[in-house]
Amino acid sequence: ISGEPGNWSYTLSGESRPRQLPRVQRELFSNSTGALIVDNQETRRMNSRRYIGRGRVAYNFGKDHQVQLSGFIEERPISNQRDVEFVFDVDDTGGRIGNGGKIEQLSGEDLKYEISGDYSIPLTNSLSFKSLFVYAVNQEDRENEDFGFADDPESPTLTSGDSRDQKATEKILRGTLDWAFAKTQSLEIGVEGAVNSLDKTQTFFDVANGIQTARDVFNADQIVSEDRVEAFANHTWRPTPKLEVETGIAAEFSWLDQLGSDVDTSRKFNFAKPSVDVYYTASDRTQFFSSARRDVGQLEFNDFIADLDRDDGEIDAGNPNLAPEKSWDFEVGTEHRLANQAGVINLRAFYRDVSDVTDIVPFGIADSAPGNLGAGTHYGAELETSLQLRQLGLIDAVISATLLWQDSRVEDPFTGLTRRFSNQNTFKLNID
């Protein structure tokens, strides 16, 4: 539903959609000679529904002077999510012998909502002010029970379980001044403040002989909060009609506090993030670009706290000393627009010199946890195209495609060998 009465405009929308996630998974285990010894077969059944609502209202005072408020809410109750795994031992002849199995029963609820707004006003013909705020909340509640069975999955026995209750919040306030102080130059100056927090508690229990006992897990609860301030300035200069140079500098300051049953610590981070972007317009349809910038990744608070890896059936330790990943990023490329608005072709190559690569590292005697590996490199190339088939004399359709090739190098903390970054594709192809 939308409308524009006078200087006002508004949009409201709602949707409800099912979230079915059936899965069939098979795991085969072999011994050192390559002979199959165990065959696990798992099926998943999930039946949930998402409810989503969005809204926006804006008021236009005049040219480039307006205020806007937006809201978003999403709820997803989870019930009757059931994973059933059958375990088969394999004998010397390849025959499969049933060895019972296990069941995971999950219930819970996800709730997300966000309120944001922005305000822009021209102060003079060459100076304008823009501001925005964001308040976002993400809540997750989970209750999980693990059962085992010898023969009949309809008669299982409770063996263990866990629960998770977490609430993440984000508050952002940002203001910028845009000043076109010359015909070929402009300056943007701004400051952004953010307060992020995560309140997470997990409990684990085991059942033996019908008696339920709590499992003591190190660092299973924490309240993490971060206060972050970033001041930035960006300068744009067009020395010739074909050349544009953008330079920028940002200074980031953050204060991180962590409090839990096993952890009580505070840390402070300061970073400088310079950047340079150069654009050269060779013709009306072809542009070349290059950039160099310092990038600092944001910490994932969940990595600070112990968590349960349900796929592997293991408790992953948290790392309260995790540092953000940092990199120097270099990029060159070109953009070419086809004649008669028939499409666009983009090609870019990139190279990243990364420090404090985030991955899994040894933790304690027999555990692993998120951590920092040290230095690594990440490089690749990407081709992106968008073709308007109607402009090529064909049907009225648009074909968009992106092809990414990438590689990386970092030292594995367990083997000491050089390998790729974790969970990174060599090739990635998207076609729409």
Side-chain angles (χ1 to χ4, degrees), residues 64 118 130 132 176 178 180 183-188 190 232-250 273-298 325-354 357-358 376-410 419-432:
D64 299 326
D118 59 78
K130 298 179 182 178
L132 67 83
T176 60
D178 293 308
K183 185 177 181 180
T184 60
Q185 298 187 64
S186 62
L187 182 65
E188 178 192 50
F232 55 91
N234 298 297
H235 175 253
T236 302
W237 176 40
R238 295 185 66 92
T240 71
K242 292 181 175 294
L243 184 64
E244 180 178 319
V245 181
E246 295 181 4
T247 55
I249 183 66
K273 299 184 290 185
S275 64
V276 178
D277 296 273
V278 179
Y279 304 90
Y280 178 72
T281 304
S283 67
D284 292 340
R285 302 205 308 266
T286 303
Q287 184 183 68
F288 297 93
F289 60 87
S290 63
S291 69
R293 64 186 61 248
R294 178 65 165 173
D295 185 54
V296 179
Q298 294 298 311
E325 190 174 274
K326 297 166 280 290
S327 65
W328 285 101
D329 301 347
F330 304 93
E331 183 175 313
V332 295
T334 181
E335 176 186 283
H336 179 70
R337 297 184 177 275
L338 302 180
N340 302 320
Q341 299 181 339
V344 180
I345 300 175
N346 292 323
L347 177 63
R348 71 182 183 98
F350 61 88
Y351 178 87
R352 301 174 62 235
D353 184 5
V354 188
V357 177
T358 303
T377 57
H378 174 209
Y379 49 89
E382 184 178 52
L383 175 65
E384 184 178 9
T385 64
S386 178
L387 301 178
Q388 302 275 352
L389 300 189
R390 185 177 185 180
Q391 299 301 110
L392 299 175
L394 302 175
I395 62 174
D396 186 8
V398 179
I399 292 183
S400 301
T402 302
L403 174 62
L404 171 67
W405 169 83
Q406 60 184 346
D407 202 354
S408 55
R409 295 287 185 271
V410 71
R419 62 162 171 82
R420 299 169 57 85
F421 290 7
S422 291
N423 303 317
Q424 187 182 84
N425 300 346
T426 303
F427 292 98
K428 191 173 182 180
L429 174 64
N430 293 327
I431 300 179
D432 300 320

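R285 places a side-chain N or O within 3.5 Å of a backbone atom of R337 that can act as its donor or acceptor partner. Remark: the backbone N or O of N346 is not paired with any side-chain donor or acceptor of E384 at under 3.5 angstrom.
Considering every non-hydrogen atom in both H336 and T286, the closest pair reads ND1-OG1, 2.7 Å. The two residues N234 and G248 come nearest to each other via the heavy atoms OD1-CA, 3.5 Å. Considering every non-hydrogen atom in both F421 and V357, the closest pair reads CZ-CG2, 3.9 Å. For T334 against F289, the heavy-atom pair with the smallest separation is N-CE2, 3.4 Å. Of all the heavy atoms in D329 and S327, the pair that sits closest is OD1-OG, 2.8 Å. Of all the heavy atoms in T358 and E325, the pair that sits closest is N-OE1, 2.9 Å.
No more than 12 heavy atoms of other residues, nucleotides or ligands lie within 6.0 Å of CH2 in W237, so this atom counts as exposed by the packing criterion. Heavy-atom neighbours of L429 CG from other residues, nucleotides or ligands within 6.0 Å: above the threshold of 12. In N430, the CG atom is crowded: over 12 heavy atoms of neighbouring residues, nucleotides or ligands sit closer than 6.0 Å. Within 6.0 Å of CG in N425 there are more than 12 heavy atoms belonging to other residues, nucleotides or ligands. When the shell of 6.0 Å around CD of Q298 is examined, it contains more than 12 heavy atoms from other residues, nucleotides or ligands. Within 6.0 Å of the NZ atom in K242, the count of heavy atoms belonging to other residues, nucleotides or ligands exceeds 12.
When side chains are defined from C-beta on, V278 counts as touching L243, because their heavy atoms get closer than 4.5 Å. For the pair T426 and W405, the minimum side-chain heavy-atom distance is below 4.5 Å. For the pair T240 and T184, the minimum side-chain heavy-atom distance is 4.5 Å or more. Here the side chains of R294 and K326 are in contact, with some heavy-atom distance below 4.5 Å. At least one side-chain heavy atom of E382 sits under 4.5 Å from a side-chain heavy atom of T402. L404 has its side chain within reach of Q406: a pair of non-hydrogen atoms, C-beta onward, lies under 4.5 Å apart. When side chains are defined from C-beta on, T176 counts as touching F232, because their heavy atoms get closer than 4.5 Å.
Using a cut-off of 4.0 Å between Lys/Arg side-chain N and Asp/Glu carboxylate O, R293 and D277 are scored as salt-bridged.
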Criterion side-chain contact (heavy atoms from CB on, under 4.5 Å) on V410 and R419, from CA distance to verdict: CA-CA 6 Å; V410 71; R419 62 162 171 82; 4.0 Å; yes
Test side-chain contact (heavy atoms from CB on, under 4.5 Å) applied to R420 and D407, step by step: CA-CA 7 Å; R420 299 169 57 85; D407 202 354; 2.7 Å; yes
Verdict with reasoning, V398 to S386, per side-chain contact (heavy atoms from CB on, under 4.5 Å): CA-CA 7 Å; V398 179; S386 178; 3.7 Å; yes
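Contacts of K273 classified as salt bridge (charged side-chain N to carboxylate O under 4.0 Å, His left out), with partners at least two apart in sequence or in another chain: E230, E252. Every residue was checked against the salt bridge (charged side-chain N to carboxylate O under 4.0 Å, His left out) condition with D432, not counting sequence neighbours, and none meets it. Applying the ring pair (Phe, Tyr, Trp, His ring centres under 6.0 Å) criterion to F330, with sequence neighbours excluded, gives no partner residue.
Atom CD1 of residue I431 and atom CG of residue L403 lie 9.0 Å apart, to the nearest 0.5 angstrom. To the nearest 0.5 Å, the span separating CG on L338 from CD on Q388 amounts to 10.0 Å.
Note on ring orientation: taking the six-membered ring where Trp is involved, the planes of H378 and F350 are perpendicular (angle over 60°, cut-offs 30° and 60°).
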